[in-house]
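Every chain is numbered from 1 and lettered A, B, ... according to where its sequence line falls, protein lines coming before strand lines.
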2 protein chains.
Amino acid sequence: MNDVAAAAGVALKTVSRVVNNEPGVNPATAERVQAAIDRLGYRRNDSARTLRRGRTASIGLVIEDVADPFYSGLSRAVEDVALRNDHFVFTGSSGEDPARERDLVLAFCARQVDGLIIVPAGTDHGYLAPEFDAGLKAVFADRPPGAGCRADTVLSDNAGGSRTGVAHLIAHGHRRIGFLADSPAIFTAVERLRGYREALAAAGLPYDESLVAMGPPDQERVRAVVERLLALPDPPTALFTGNGRTTVATLRVLDAISARCSAYHCSACRCSNDRCSNDHGSVRHGAERHGGTGRHGQGRLAGLALVGFDDFELADLLGITIVAQDPSRLGLTAAEMLFRRLSGHAGPGLRLELPTRLIERGSGETVP
Amino acid sequence: MNDVAAAAGVALKTVSRVVNNEPGVNPATAERVQAAIDRLGYRRNDSARTLRRGRTASIGLVIEDVADPFYSGLSRAVEDVALRNDHFVFTGSSGEDPARERDLVLAFCARQVDGLIIVPAGTDHGYLAPEFDAGLKAVFADRPPGAGCRADTVLSDNAGGSRTGVAHLIAHGHRRIGFLADSPAIFTAVERLRGYREALAAAGLPYDESLVAMGPPDQERVRAVVERLLALPDPPTALFTGNGRTTVATLRVLDAISARCSAYHCSACRCSNDRCSNDHGSVRHGAERHGGTGRHGQGRLAGLALVGFDDFELADLLGITIVAQDPSRLGLTAAEMLFRRLSGHAGPGLRLELPTRLIERGSGETVP
DNA sequence: GACGATGGTGACAACGTTGTCAAGCACTCG
DNA sequence: CGAGTGCTTGACAACGTTGTCACCATCGTC
């Protein structure tokens, strides 16, 4: 900027005015300055600007994993809102590690982000107190902050969505419904379990702990869980899967089981064959309709009904009934709440719950 | 920092030394300072630090869309490498708009990012020249920079992968192969078209322009394209789709066509029925094997063979043969190249090409 | 006992911007 | 002609760090 000022024969401050489109500069001078700027390829140093003004025009976003479609949808929405507000976004993935969440958050604070959107991995946010005192604004998304933290929060209606999904299976005659979800350390998983229990209770069905399995959605764990469930003396006739990754992993397992067993007592055409070489205990045979209009998934679910929490790509094609939450709406809402705070809005911390939506595609509408 | 210094009864500089773990501080003093830091909840202001040191310890990442699984995988890899190198990542989505790409890049530069990883939307990167002069390091990923820009570049072997995929279809007896890809403004699409043509040429097959359709992968456009192809007097018996989104959109279209037509001349069991009420011209009927071990997709492709560029979630389950590139390897490689430059590595701009891999899953192995 | 080496500490300038305030100028009005 | 007004411009300090350099003890050595 110094060089530009010298080149244009004006003072530093005048260049600053031109760069910032401040009023009160003679058009002729402005043009001269602009010419010097272009000639020298000058670009404002936003670090210095930030230091001087105290605002960085950037926000931090801490999520679990950008590579997860749920969070990448959320990210995109946050980014869009931020850009509309002339802010940039630092993104960091915590990988469900509370320590990493904390490190990321504090690092973003040291970078003087104006605000934060956090999908918390941990449950203690005491470390944020000094930051809040220093004027930091934060919004929690998808999961609430730990006790004692009164920040704005945007959640999905996890319990309600889960209740609806499970009630849907019950309405189709299912009495034994397996429940697979993420680890009980995760808020959403616990809420969805609550919804599951509420739906059972509302229908007067017992809660059977042997039908419930919670843990990380990795393929091998899910495989073991599904096989355990199907080997029960009184196995489930339907599954409710508590997040997108678990649903997908479950689909793979059920598909493999279906493929191992080529015997079908087909309910549509009444044909049957006994080429089944699979020692699969009491697994019911699939109800694939030969040449019918059923969707892909239905013939490949080892005879089980399935409803999942979270929509995912190709769920439509596979005919998987799901309870949809809207990740981009979650991100959008969180970002808008944050920018409202940043523009001076005071008032107590809000807690919003976004509705979910049951989308029927076939896999949840089969009878036991 | 001033307050901390006052509270600990030391000079500013000593606090600075403690904060930065610089040697030469009396342990007792350091402890006193640390206590003051903790008591006051002090956190270093990285804006000032940046201003003083000239390095921001952050990099910028410009991609097409974080919400696209391809780019979110790439992002995650970049983020991981950055974190390992104690850097943070600004991410911005260009949405294939060259102007937005430019704005993002320049905004990141104004923020003094140490380096950039760019998936370019545009083909003119002259605007970067002053930044390069000022010492900016940049790596281009997935697509090369515009002419005249000698920056490091990491690409997938687009033409080669496409050639392999198409040759695979040819090897299975296909002579009329439709080619669907992204807009010809996009480097990868053009390269993949080149691979398609090379595979045809190598097999002595003619290049028929009416079998080629390029444009954005939105569902309605793809639907129209597929329907046009199938209505040709001599329709294709196979399709090669040039990216993940196009593949998925194509699957939806073919599924809808298959569902509309419930007539199957089943090659596996020789049964046939004529309940087909669909006016689908010369569309071949699906080869679904009733109760066989085939994968989901094969019965739902309207009788067409299909190979797609890019792997995607559930492609395994659907039995879709694809040419896989590795987005996270792309991101990892780009980030490592960038950090090599940042740590002083000089030398001419490199251009790397990562290999692709054909994964056979059924949809690409059916005969015409 | 004088000297240099060593370890610990602090004063000060500088990084590149912007907010504050004041000054210069041309013009108008009484 | 002088005061008042509005427009344009510039000098200067400050933002919170860190690099440079200098200072002062303390210690060991000749």
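Between the CZ atom of B:R111 and the C1' atom of C:dC15 there is a distance of 18 Å, given to the nearest Å. Rounded to whole angstrom, the span from the CE atom of A:M1 across to the P atom of D:dG10 amounts to 14 Å. Look at CG on A:L12: it is 17 Å from P on D:dA14, rounded to the nearest Å. B:N2 places its CG atom 13 Å from the C1' atom of C:dA11, with the value rounded to the nearest Å. Summarising the geometry, the separation between NZ on A:K13 and P on D:dA14 is reported as 16 Å, rounded to the nearest angstrom.
Checked against A:R76 for a side chain to side chain donor-acceptor pair (under 3.5 Å), the options B:D65, B:T91, B:D68 give a single hit: B:D65.
Within 4.0 Å of A:N20, counting heavy atoms only, lie sugar-phosphate atoms of the nucleic acid but no base atom. Counting non-hydrogen atoms under 4.0 angstrom, B:D46 reaches nothing in the nucleic acid. Across all strands, A:V10 comes closer than 4.0 Å only to sugar-phosphate atoms, never to a base (heavy-atom distances). Contacts of B:V25 with the nucleic acid, taken as non-hydrogen atoms under 4.0 Å apart, involve only primed sugar atoms and P, OP1 or OP2. Using a 4.0 Å heavy-atom distance criterion, B:T14 is classed as a sugar-phosphate-only contact.
Here the nucleotide nearest the side chain of B:N26, chosen from D:dT8, C:dG8, D:dT20, is C:dG8. Across C:dC15, C:dT17, D:dT20, the shortest atom-to-atom separation from the side chain of B:L51 is found for C:dC15.
Between B:P98 and B:D124, the closest side-chain pair of non-hydrogen atoms is not below 4.5 Å. Residues B:I118 and B:L128 form a side-chain contact, since some pair of their non-hydrogen atoms from C-beta on lies under 4.5 Å apart.
A sub-4.0 Å separation between OP1 or OP2 of C:dT18 and a side-chain N or O of A:R49 is present. Proximity of B:R52 to the phosphate of D:dG19: no side-chain N or O atom is located under 4.0 Å from OP1 or OP2. OP1 or OP2 of C:dT9 sits under 4.0 Å from a side-chain N or O of B:T29. Remark: B:S16 is in phosphate contact with D:dT18, judged by side-chain N or O atoms under 4.0 Å from OP1 or OP2.
The residue among A:R53 and B:E22 whose nearest nucleotide of DNA chain D lies closer to the 5′ end is A:R53. A residue-by-residue look at B:A48 and B:P27 shows that B:P27 has its nearest nucleotide of DNA chain C further toward the 5' end.
The aromatic rings of B:F108 and B:F90 lie parallel to each other, with less than 30° between the two planes, well short of the 60° mark.
Looking at A:R17, its side chain comes within 3.5 Å of the base of D:dG10 through a donor and an acceptor atom.
Under 3.5 Å, the side chains of B:H125 and B:E131 contain no donor-acceptor pair of N or O atoms.
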